[in-house]
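Below is one structure, written out as structure tokens, with a few remarks after it.
On a predicted model such as this, the values are computed, not experimentally measured, just so you know. For the numbers below, each heavy atom of this structure counts, side chains included, while hydrogens, waters and symmetry mates do not.
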Amino acid sequence: MSDSNLIVKAHEADKEGVVLTVTPESAGWEYVGFQVVKLAEGQVLRRETGSNEICLVLLSGKADVSTKLQSWQGIGERMSVFEKIAPYSVYVPNEDAYEVKALTDVELAVCAAPGFGTYPARLIEPAQVGIEARGYGNIERRIHNILPEQESADSLLVVEVFTPDGHWSSYPPHKHDRDSLPDESLLEETYYFHVQPEQGFAIQRVYTDDRSLDETLVVRDGQTVLVPRGYHPVCAPPGYEVYYLNVMAGPTRTWKFHNDPDHAWLMTKPRE
């Protein structure tokens with residue numbers, strides 16, 4: 001099922017270094033845009049933000065980053081996401097611009113959603129990223145809250161998750177596809193995956209209550225999964241650690257999810 005239209009595969013880098021692109025038009029939705037850019041040492045990426053706010057996440061490598069009014073020199077620390085230290089990121093509002101100069105080889109995530117000019121550009125340092133363990137037993141995983149709803153942005157929510165080998169995450173299966181607050185928020189979502197060792201794979205199921213959407217995906221290193229609706233659990237096979245970066249946005253910037261009733265009992269299971 002790897003030919004699913006929910007999987008976006010990487011391609012050879014273009015002139016800017018872009019290797020993967022999701023737009024609202026390509027995904028068939030309204031809010032979330034996502035790109036992965038791989039820059040060689042010394043390469044420079046220059047962009048206008050237009051109507052979108054942007055969160056630039058330095059997945060790996062070091063760079064100088066500037067906007068129209070701000071600049072930050074030599075940011076970035078980890079050389080691989082699997083070092084499991086929180087990343088450096090930069091928030092850039094709409095109607096601004098940014099420049100990223102790679103000081104080493106850089107893998108950059110460009111997360112986009114509608115902006116309204118509410119907040120200025122800022123650096124998000126690793127110390128500002130909330131780190132938590134979520135779940136228990138073999139549904140435990142490590143969360144880095146890069147741009148959670150408690151931090152300033154107009155639309156974007158950005159988080160990265162480390163799922164140990166043999167564990168499940170985004171589990172129990174949950175969804176956020178109804179604009180029905182306070183119970184559930186409508187959020188489109190992308191999952192950008194890395195797998196270690198990189199010849200491995202992750203499994204992700206995306207399904208709705210009525211099974212009008214019900215796909216089980218084999219996802220490989222460097223691929224993105226689109227979650228337009230439905231539940232979307234992830235499994236890391238034994239021997240393979242799975243990383244993913246989530247980008248979410250919708251009409252209201254809040255994460256209110258609904259667990260699959262068939263599996264919600266897992267949240268109340270007694271712990272030994």
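Closest non-hydrogen pair, Asn259 versus Ala264, comes out as CB-CB, 4.1 Å. Residues Ala202 and Val195 approach most closely at N-CG2, 4.4 Å, considering heavy atoms. Residue Asn138 comes nearest to Gly166 through the heavy atom pair CB-O, 4.1 Å, listed as atom of the first residue, atom of the second, then distance. Shown here for Pro172 and Met267, the closest heavy-atom pair between the two residues is CD-SD, 3.3 Å. In terms of heavy atoms, Ser152 sits closest to Leu147 at O-CD1, 3.8 Å. Closest non-hydrogen pair, Leu20 versus Ala10, comes out as CD1-N, 4.0 Å.
Judged purely by atom type and a 3.5 angstrom limit, Arg134 has no side-chain atom pairing as donor or acceptor with the backbone of Ile139. Thr23 contributes no side-chain N or O that, together with a main-chain N or O of Gly33, makes up a donor-acceptor pair within less than 3.5 Å. A donor-acceptor pair under 3.5 Å links the side-chain atoms of Asp14 to the main chain of Glu16, judged by distance alone. Remark: side-chain polar atoms of Ser4 are paired, donor with acceptor, to backbone N or O of Leu6 under 3.5 angstrom. Using modelled atom types, one side-chain atom of Asp165 and one backbone atom of Gly239 make a donor-acceptor pair closer than 3.5 Å. Proximity of a side-chain donor or acceptor of Ser155 to a complementary backbone N or O of Ala249 within less than 3.5 Å is not detected. A donor-acceptor contact shorter than 3.5 Å is absent between the side chain of Thr208 and the backbone of Gly230.
Remark: Glu198 CD is loosely packed, at most 12 non-hydrogen atoms of other residues, nucleotides or ligands lying under 6.0 Å away.
His232 is linked by a ring pair (Phe, Tyr, Trp, His ring centres under 6.0 Å) to His174, His176, Tyr191, counting only residues two or more places apart in sequence or in another chain. With sequence neighbours excluded, no residue satisfies ring pair (Phe, Tyr, Trp, His ring centres under 6.0 Å) with Trp29. Applying the side chain to side chain donor-acceptor pair (under 3.5 Å) criterion to Asp154, with sequence neighbours excluded, gives Thr118. Residues meeting the side-chain contact (heavy atoms from CB on, under 4.5 Å) test with Pro197, sequence neighbours left out: Gln199, Tyr240. Tyr243 meets the ring pair (Phe, Tyr, Trp, His ring centres under 6.0 Å) test with Phe162; sequence neighbours excluded. In this structure, the side chain to side chain donor-acceptor pair (under 3.5 Å) partners of Glu241, at least two apart in sequence or on a different chain, are Lys84. Contacts of Tyr171 classified as ring pair (Phe, Tyr, Trp, His ring centres under 6.0 Å), with partners at least two apart in sequence or in another chain: Trp168.
Between Glu53 and Leu156, the closest side-chain pair of non-hydrogen atoms falls below 4.5 Å. At least one side-chain heavy atom of Val81 sits under 4.5 Å from a side-chain heavy atom of Leu59.
Among pairs with a residue in residues 32-57, those fulfilling ring-ring contact (aromatic ring centres under 6.0 Å, His included) read Phe34-Tyr192, at least two apart in sequence or across chains. Listed by first and then second residue, the side chain to side chain donor-acceptor pair (under 3.5 Å) pairs involving residues 68-78 are Arg78-Glu160 (not counting sequence neighbours). The ring-ring contact (aromatic ring centres under 6.0 Å, His included) analysis of residues 75-106, with sequence neighbours excluded, yields no pairs. Listed by first and then second residue, the salt bridge (charged side-chain N to carboxylate O under 4.0 Å, His left out) pairs that reach into residues 171-183 are Lys175-Asp177, Lys175-Glu184, Arg178-Glu184, sequence neighbours excluded.
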Please list every donor-acceptor pair under 3.5 Å in which a side-chain atom of residues 39-46 meets a protein atom from a residue at least two apart or in another chain.
unit_1 : atom_1 : unit_2 : atom_2 : d
Gln43  : OE1    : Ala40  : N      : 3.0
Gln43  : NE2    : Lys15  : O      : 3.4
Arg46  : NE     : Glu99  : OE1    : 2.8

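Using a 3.5 Å distance cut-off with no hydrogens or angles, the side chains of Tyr231 and Asp209 do pair a donor with an acceptor. For Gln128 and Arg122, the side-chain atoms include no donor-acceptor pair closer than 3.5 Å.
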Going through the distances and angles, do Tyr244 and Thr163 end up as a side-chain hydrogen bond (donor to acceptor under 3.5 Å, both in side chains)? CA-CA 8 Å; Tyr244 53 80; Thr163 308; 4.5 Å; no

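When each of Asp260, Asp214, Thr216 is paired with Tyr207, the side-chain hydrogen bond (donor to acceptor under 3.5 Å, both in side chains) condition holds for Asp260 and for no other.
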